[in-house]
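In what follows, every heavy atom counts, from backbone to side chain, and hydrogens, waters and symmetry copies are set aside. Chain identifiers are assigned alphabetically (A, B, ...) following the order of the sequence lines, protein sequences preceding nucleic acid strands; residue numbering begins at 1 within each chain. For clarity, every value in this text was computed on a predicted model and none was experimentally measured.
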Amino acid sequence: MVKYNHKNVESKWQKIWEDKGVFHASDDTSKEKFYALIEFPYPSGQGLHVGHPRPYTALDTVARKRRLQGYNVLYPIGWDAFGLPTENYAIKNHIHPEIVTKQNIERFKKQIQSLGISFDWSREINTTDPDYYKWTQWIFLQLFKKGLAYKKEMNVNWCTSCKCVLANEEVVNGVCERCSSEVIHKVKSQWMLKITAYADRLINDLDLVDYPPRVKAQQKNWIGRSTGAEVDFKATTGDTLTVYTTRCDTLFGATYMVISPEHPLIEKWADKLENLDEIKKYQLEASKKSDFERTEVAKDKTGIRLKGVEAVNPVNNTQIPIFVSDYVLVSYGTGAIMAVPAHDTRDWEFAKKFDLPIIEVVKGGKDVQKEAFTDCATGILTNSGFLNGLSVEEAKKKMTAWLEEKKIGRAKVNYKLRDWVFSRQRYWGEPIPIVHCEKCGFVPIDESELPLKLPMVDSYEPTDTGESPLAKMTDWINTKCPCCGGKAVRETDTMPQWAGSSWYFLRYMDPHNNDALASKQALEYWSPVDWYNGGMEHTTLHLLYSRFWHKFLYDIGVVPTPEPYAKRTSHGMILGENGEKMSKSRGNVVNPDDIVNEYGADTMRLYEMFIGDFEKAAPWSPSSIRGCRRFIERFYNLQNILVDGDTIRPELESAFNKAIKKVGDDIENIKFNTAIAALMSLINEVTSFGSISKKELAVFTILLNPFAPHVTEEIWEICSLGEGMVAEQSWPEYDESKCVEQTIEIAVQVNGKIKAKLNISPDLEQNEVLKLAKDDENVKKAIEGMNIIKEIYVKGRIVNIVVKP
RNA sequence: GCUGGUGUGGUGGAAUAGGCAGACACAAGGGACUUAAAAUCCCUCGGACUAAUAAUCCGUACCGGUUCAAGUCCGGUCACCAGCACCA
């Protein structure tokens with residue numbers, strides 16, 4: 001028994017692959033292409049943990065299999081290297097972020113290469129490389145030119161620890177997505193990207209792509225499209241107060257109105273409001289609440305009634321009071337609502353608290369004095385003049401038409417999605433290529449001046465004032481206006497980390513191009529990404545942002561497809577041994593280096609694919625990994641029972657054909673765990689058979705190669721299984737007719753209970769099978785003296801005899 | 001609260017399209033080999049009743065339904081996970 005030495009074998013083959021460029025994508029566009037993509041890593045100081053290789057290995061398996069099937073495969077990697085952790089580390093240790101980034105990348109690269117992933121390293125990219133971010137800036141300029149990037153004074157989320165603004169997508173449960181620190185509101189002038197202009201297409205085009213349902217649902221949810229109507233109410237001051245509602249059918253039941261604390265009419269009405277002081281106080285309190293507090297106290301409704309101004313309900317000319325309350329958000333709809341307490345839970349709570357009238361206008365529910373009746377499907381309109389007797393849906397249509405006819409309302413679609421806050425007050429990011437000129441306003445720098453390089457600074461500490469560290473670089477800031485030649489200053493904020501990752505998959509197609517982000521031919525040939533795997537946590541961040549940028553690039557004719565990724569899958573997390581999320585503080589982190597060192601990369605890869613359902617979280621198990629190592633050794637030792645023969649022998653024919661089918665299908669269906677189980681079953685069968693022919697071993701080796709590339713190359717060589725490397729072979733074909741066993745075992749049931757098992761030929765006719773079944777002693781006993789009601793034979797599966805006394 | 005998902009042995013997990021529940025592993029127990037240990041190989045391994053690996057019964061979160069047949073389909077309940085959360 002030869003002991004398998006993974007260390008020598010693995011480094012040997014890794015070197016050969018790299019030297020020969022075996023996994024470089026070819027520019028031969030006559031071949032069918034396959035573009036597999038994983039989310040490129042952020043090279044943090046901690047290095048890799050065992051969670052990283054799960055998706056890399058999964059798509060590596062797919063990529064290797066597709067290469068064997070003759071595809072021209074692009075499977076690239078790079079570094080998403082701008083960002084706060086690096087910058088913070090740099091500040092703490094007084095090392096420039098550029099150097100930190102370089103060190104981290106080196107470490108990551110070494111770790112990833114030790115796993116034998118078939119990345120095309122000749123296409124490696126780095127978002128902090130000026131040759132790369134030149135094009136990130138170029139895309140920003142195109143957005144600016146089309147009016148989709150604009151600077152605006154607005155109320156933004158401010159992370160008190162990162163000391164910079166956050167996008168809405170980066171605020172999770174009222175705290176910073178990255179560092180979990182408190183998020184407060186600040187009014188600041190920020191660069192914004194008009195992602196809302198693409199809201200509809202970002203929803204509708206989900207029909208064009210193959211994403212898991214949960215991903216599509218989450219994106220739709222986040223964009224939050226709702227269809228309804230705007231209604232104009234007149235105030236007693238003569239002003240118009242417009243509200244947005246999805247239930248214009250309930251207009252007759254509107255008994256009061258609510259405006260948000262930030263609503264501009266409050267300012268306008270200042271001299272008419274008898275209780276202005278009280279309202280000002282309420283506004284102030286509302287503004288001081290952080291997002292976290294605001295969601296925490298969401299239960300209890302507060303508010304102040306405006307004294308001196310009321311509104312008129314246009315359908316019945318009744319005067320109704322107006323309240324100010326923070327349960328109405330200024331950023332959604334018109335920042336004002338009509339309140340229908342009988343048919344809206346929030347309005348109902350508010351009405352109960354302030355003792356306001358509750359008028360039922362949709363009947364069919366419970367007593368509206370006791371709870372709101374919100375069901376749209378079953379109710380019938382009542383107390384509603386010309387709407388009486390209609391269903392909710394009919395009433396909505398009729399009311400919208402009536403509002404439009406009277407010119408006091410209109411159909412309207414609203415979204416929860418807000419524009420993307422795109423500037424960050426930090427150093428380690430792409431400079432925004434815009435200058436501000438007093439005469440000309442915001443002017444883009446000339447494209448020939450790209451990349452606008454990040455200047456070297458001595459201190460890149462963030463400031464509490466909300467100014468970028470670049471603001472101190474007076475030499476760099478002061479410049480000439482590209483438009484009028486006058487004095488101008490550069491934008492000192494930088495782009496968020498999501499900028500570089502919003503288009504990186506395009507750069508891989510043609511990574512060294514200096515004239516375009518990628519050539520037309522490369523884009524035409526490689527687009528779209530065929531299979532993109534990534535984490536669920538990016539569903540409403542990177543995945544949404546990059547779809548938006550890609551659609552924009554499509555609109556301006558840069559890319560050939562409306563969607564960037566044809567198919568998306570999502571891996572589950574690898575948890576610690578105790579079933580908790582791996583983290584330093586929990587002390588349950590496993591470093592892949594240790595596993596590769598002790599068991600080898602093949603074992604590591606095999607285990608991560610065997611651990612369970614790829615899409616679900618799975619706890620790390622140090623003892624299960626030994627089972628995978630055993631399998632590798634059993635495979636390696638097949639050489640001891642090798643016999644000559646260039647065919648698959650008849651006794652093993654069906655086992656091999658079935659395995660070829662199963663392994664191939666399972667890899668495509670992200671069921672790596674059962675593909676490996678099938679290979680384990682096959683090796684069990686071969687071992688108990690006692691010998692393996694060269695042909696059989698060759699087939700087995702190719703099937704295993706995508707999972708365990710090193711040991712399979714080694715066996716291929718040692719046993720002289722064929723010309724060249726395994727990586728240069730063809731994926732085996734199976735013969736459907738040979739997948740069938742010559743005899744199969746079927747179960748015989750009587751009244752659904754198993755009474756016997758029969759070994760029969762699968763071709764046997766129903767009559768004969770039933771006859772055999774009824775000849776069985778146990779079956780005979782069970783049906784003796786009973787009347788046979790029904791006899792069922794499902795071919796190749798089961799017999800069921802239904803009897804009654 | 002809304003949306004999506006999950007629930008199967010001691011453990012990770014299998015089970016086409018409704019057709020033998022527990023594949024493949026791990027752990028555990030027993031045996032072989034060995035001076036011994038490790039490694040390896042062989043056997044057992046959901047539960048109950050059993051001398052029995054004879055027969056029978058129970059068993060896929062819970063309750064009910066459809067069906068010759070339900071882990072799978074339908075209705076309801078519970079628990080857990082993820083995302084969103086006063087979005088009018």
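- Checking the phosphate oxygens (OP1, OP2) of A88(B), a side-chain nitrogen or oxygen of Y332(A) falls inside 4.0 Å.
- Atoms CD1 (I760(A)) and C1' (C20(B)) sit 13 Å apart, rounded to a whole Å.
- Relative orientation of the H542(A) and H538(A) rings is perpendicular, given thresholds of 30° and 60° on the angle between their planes.
- If you take CZ of R626(A) and C1' of U40(B), they are 15 Å apart, rounded to a whole angstrom.
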Distance-only donor-acceptor hits, side chain of residues 796-805 of chain A, under 3.5 Å, sequence neighbours excluded:
unit_1  : atom_1 : unit_2  : atom_2 : d
N800(A) : OD1    : G752(A) : N      : 3.1

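- Only the P atoms considered, A55(B) is 15 Å distant from A21(B), to the nearest whole Å.
- Using a 90° window around 0 for the glycosidic torsion, G9(B) falls inside it and is classed as syn.
- How far OH of Y415(A) is from OG of S226(A): 9.0 Å, rounded to the nearest 0.5 Å.
- Aromatic ring centroids of F635(A) and F700(A) lie under 6.0 Å apart.
- The number of heavy atoms from other shown groups lying within 6.0 Å of NZ (K397(A)) does not exceed 12.
- Listed pair R630(A) / C26(B) meets the phosphate criterion, a side-chain N or O lying under 4.0 Å from OP1 or OP2.
- In this structure, the separation between CZ on R54(A) and CZ on F672(A) is 10.0 Å, given to the nearest 0.5 Å.
- Here F707(A) contributes atom CZ and D602(A) contributes atom CG; the two are 12.0 Å apart, rounded to the nearest 0.5 Å.
- A79(B) and A70(B): their P atoms are spaced 28 Å apart (whole Å).
- Across the interface with RNA chain B, nearest-nucleotide mapping of I625(A) and V799(A) shows V799(A) to be the residue nearer the 5′ end.
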Close N or O pairs between protein and nucleotides 50-57 of chain B (under 3.5 Å):
unit_1 : atom_1 : unit_2  : atom_2 : d
U56(B) : OP1    : K755(A) : NZ     : 3.3

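- A gap of 12 Å separates the C1' atoms of C20(B) and A69(B), to the nearest Å.
- For T674(A), the side-chain atoms get nearest to A14(B) when compared with the rest of A88(B), A14(B), G4(B).
- Listed pair K581(A) / A82(B) fails the phosphate criterion, with no side-chain N or O lying under 4.0 Å from OP1 or OP2.
- Atom P of nucleotide C81(B) and atom CD of Q218(A) are separated by 17 Å, given to the nearest angstrom.
- When heavy atoms are screened at a 4.0 angstrom cut-off, R418(A) is found touching base atoms of the nucleic acid.
- Taking atom C1' on both G46(B) and C41(B), the two are 27 Å apart, rounded to the nearest angstrom.
- Taking the P atom of each, A36(B) and G31(B) are spaced 14 Å apart, rounded to whole Å.
- A straight line from NZ of K658(A) to C1' of A14(B) spans 15 Å, rounded to a whole angstrom.
- Using a 4.5 Å heavy-atom threshold, the side chains of N155(A) and V330(A) count as separate.
- Side chains of E169(A) and W498(A): a donor-acceptor N/O pair is absent below 3.5 angstrom, by distance only.
- Across all strands shown, G224(A) has no heavy atoms under 4.0 Å from either base or sugar-phosphate atoms.
- One finds the NZ atom of K738(A) at 10.0 Å from the CD1 atom of I660(A) (value rounded to the nearest 0.5 Å).
- Taking the ring centroids of F323(A) and F350(A), they lie under the 6.0 Å cut-off.
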Quick test: give all pairs of protein nitrogen or oxygen and nucleotides 68-77 of chain B nitrogen or oxygen below 3.5 Å, distance rounded to 0.1 Å.
unit_1 : atom_1 : unit_2  : atom_2 : d
C68(B) : O2'    : N800(A) : ND2    : 3.2
C68(B) : O2     : N800(A) : ND2    : 2.7

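- Contact annotation: side chain of K416(A) to base of C84(B), donor-acceptor pair absent below 3.5 Å.
- To the nearest 0.5 Å, atoms NE2 (H263(A)) and CG (L306(A)) are separated by 10.5 Å.
- In this structure, M609(A) places its CE atom 18 Å from P of A25(B), rounding to the nearest Å.
- Qualifying ring-ring contact (aromatic ring centres under 6.0 Å, His included) partners for W620(A), counting only residues two or more places apart in sequence or in other chains: Y607(A).
- Salt-bridge formation is detected for the pair K396(A)/E393(A): a Lys NZ or Arg NE/NH1/NH2 atom is positioned less than 4.0 Å from an Asp or Glu carboxylate oxygen.
- One can place NE2 of H538(A) at 17 Å from P of A82(B), the figure rounded to the nearest angstrom.
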Practice task
Could you summarise the pairing of RNA chain B as dot-bracket text, marking Watson-Crick and G-U pairs under 3.5 Å with ( ) or [ ] inside the strand and | across strands?
Solution key: (((((((..(((......[....))).(((((.......))))).(((.......)))..(((((..]....))))))))))))....

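- Rounded to whole Å, the C1' atom of G10(B) lies 33 Å from the corresponding atom of G76(B).
- Between the C1' atom of U67(B) and the CD1 atom of I789(A) lies a distance of 15 Å, rounded to the nearest Å.
- Looking at which nucleotide of RNA chain B each of E633(A) and G333(A) is closest to, the 5′-most match is held by E633(A).
- E791(A) comes within 4.0 angstrom of nothing in the nucleic acid, heavy atoms only.
- Between U16(B) and A82(B), the two C1' atoms lie 29 Å apart (nearest whole Å).
- At a threshold of 4.0 angstrom between heavy atoms, the contacts of K757(A) include nucleobase atoms, whether or not backbone atoms are also involved.
- A side-chain donor from one of N157(A) and N168(A) sits under 3.5 Å from a side-chain acceptor of the other.
- Separating the CE atom in M154(A) from the CG atom in D419(A) is a distance of 8.0 Å, to the nearest 0.5 Å.
- Checking C86(B), A88(B), C20(B) against every side-chain atom of A747(A), the shortest atom distance belongs to C20(B).
- The C1' atoms of G83(B) and A48(B) are separated by 44 Å, rounded to the nearest whole Å.
- For the pairing with R247(A), the side chain to side chain donor-acceptor pair (under 3.5 Å) check across T245(A), T250(A), D249(A) returns one residue only, D249(A).
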Can you name the atoms? Protein N/O to nucleotides 5-13 of chain B N/O, anything below 3.5 Å, with the distance.
unit_1 : atom_1 : unit_2  : atom_2 : d
G12(B) : O2'    : I611(A) : O      : 2.6
G13(B) : O3'    : N673(A) : ND2    : 3.4

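- Looking at heavy-atom distances under 4.0 Å, S226(A) makes contact with sugar-phosphate atoms alone, never a base.
- Between I641(A) atom CD1 and C41(B) atom P there is a gap of 12 Å when expressed in whole angstrom units.
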